[in-house]
Number of protein chains: 2
Amino acid sequence: MASRPPEADELLTPAEVAALFRVDPKTVTRWAKAGKLTSIRTLGGHRRYRAAEVRALLGDIPGPRAGEAAASEAGPALGA
Amino acid sequence: MASRPPEADELLTPAEVAALFRVDPKTVTRWAKAGKLTSIRTLGGHRRYRAAEVRALLGDIPGPRAGEAAASEAGPALGA
DNA sequence: ATTAATTTGGGTAATTTGGGCT
DNA sequence: AATGTCCAAATTACCCAAATTA
C-alpha cells in the first residue's frame, strides 16, 4: 500500500477499516454490502471507505485527552 | 503557492487522481489503458485526466450533508 | 441450559492492486 | 513525476461452519 499522507486521509482501504474495528476485512465488506457503511468503488471494483464516517462510528477519539466513557452500549446502529 | 489553481483544474495529473481514489498512480494508468478512464495525452506521452469525470466516479459529495440517499452499493463499476 | 436468530470467520478461485525495477 | 513489465499481496465473490446474542 501507499503511505498515509495527511492530505489523502479522505478514504480508507478495507484492511485499514478492519484493523480499526478489530474484525476481518471480509466483515467490513459485508457491512458495505448491507448498506451500513458508505463505500466508494475503485474502477477495479475494490472498495474504499470514508475515513470521517469510520472515525465517527468508532467514537471519534480526538487525541491524548478526552478519553471519557462514550456510551459503550448506547448505539446499536451496526448490530442490528 | 498556487500549486493547483482551482479554476483551471480541468485536467488532473495521475498522482492527483490516485490520491483521490486512494490508489497508486500506477493503478490509474492501468484504468486508462483499460479504457475505464478517459485520458488525454500530453505531447510528452504522459496522461491527464478529466476532473469532472473523476469527481463523478468518486460520488461527488462536496459539502457536509449533500448526497444523503447516495446508494453506495448501486454502482457496479467493475469491468471484469 | 435450551432453541433460534444473526453475525463473524474460514476456505477457495478469480481479479485487482501495489512494490520493485527499467 | 510517469511509463511499462513481472511478481507478490490484497480484495472480491461465492460457499459453509463457528461464535455471539436474545
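Labels below follow one simple rule: chain letters A, B, ... track the order of the sequence lines, proteins then strands, and each chain is numbered from 1. Being a predicted model, the structure only gives us computed values, none of them experimental.
Within the 3.5 Å criterion, the main-chain N or O of A:Leu11 finds a donor-acceptor partner in the side chain of B:Arg22.
In this view, B:Leu20 and B:Leu12, B:Val54, B:Leu58 satisfy the side chain to side chain contact (heavy atoms under 4.5 Å, CB included) rule, not counting sequence neighbours.
A pairwise comparison of heavy atoms in A:Arg47 and A:Ala32 identifies CD-CB, 3.7 Å as the closest pair. Of all the heavy atoms in A:Asp24 and A:Ala18, the pair that sits closest is C-CB, 3.8 Å. Nearest heavy atom pair, residue B:Arg50 against residue B:Glu10, reads NH1-OE2, 2.7 Å.
Between B:Trp31 and B:Phe21, a ring centre-to-centre spacing shorter than 6.0 Å is recorded.
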(Q) I need a per-nucleotide contact map over nucleotides 1-6 of chain D, read 5' to 3'. Cutoff is protein heavy atoms under 4.0 Å; write B for the base, S for backbone only, - otherwise. (A) -SSBB-

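Between A:Asp24 atom CG and D:dA18 atom C1' there is a gap of 13 Å when expressed in whole angstrom units. Taking atom CZ on A:Phe21 and atom C1' on D:dT20, their separation rounds to 18 Å, with Å as the unit.
Going from atom NE2 of A:His46 over to atom OG1 of A:Thr29 covers 9.5 Å, rounded to the nearest 0.5 Å.
Between B:Trp31 and the phosphate of C:dT16, there is no side-chain N or O to OP1/OP2 separation shorter than 4.0 Å.
Considering only heavy atoms from C-beta on, B:Arg30 stays 4.5 Å or farther from A:Leu43 through its side chain.
Base-pairing analysis of DNA chain D finds the following stems of at least three consecutive Watson-Crick or G-U pairs, with both pairing distances under 3.5 Å: C:3-19 with D:6-22.
Taking only side-chain atoms of A:Thr27, from C-beta outward, the nucleotide of C:dG18, C:dT16, C:dG9 with the closest atom is C:dG9.
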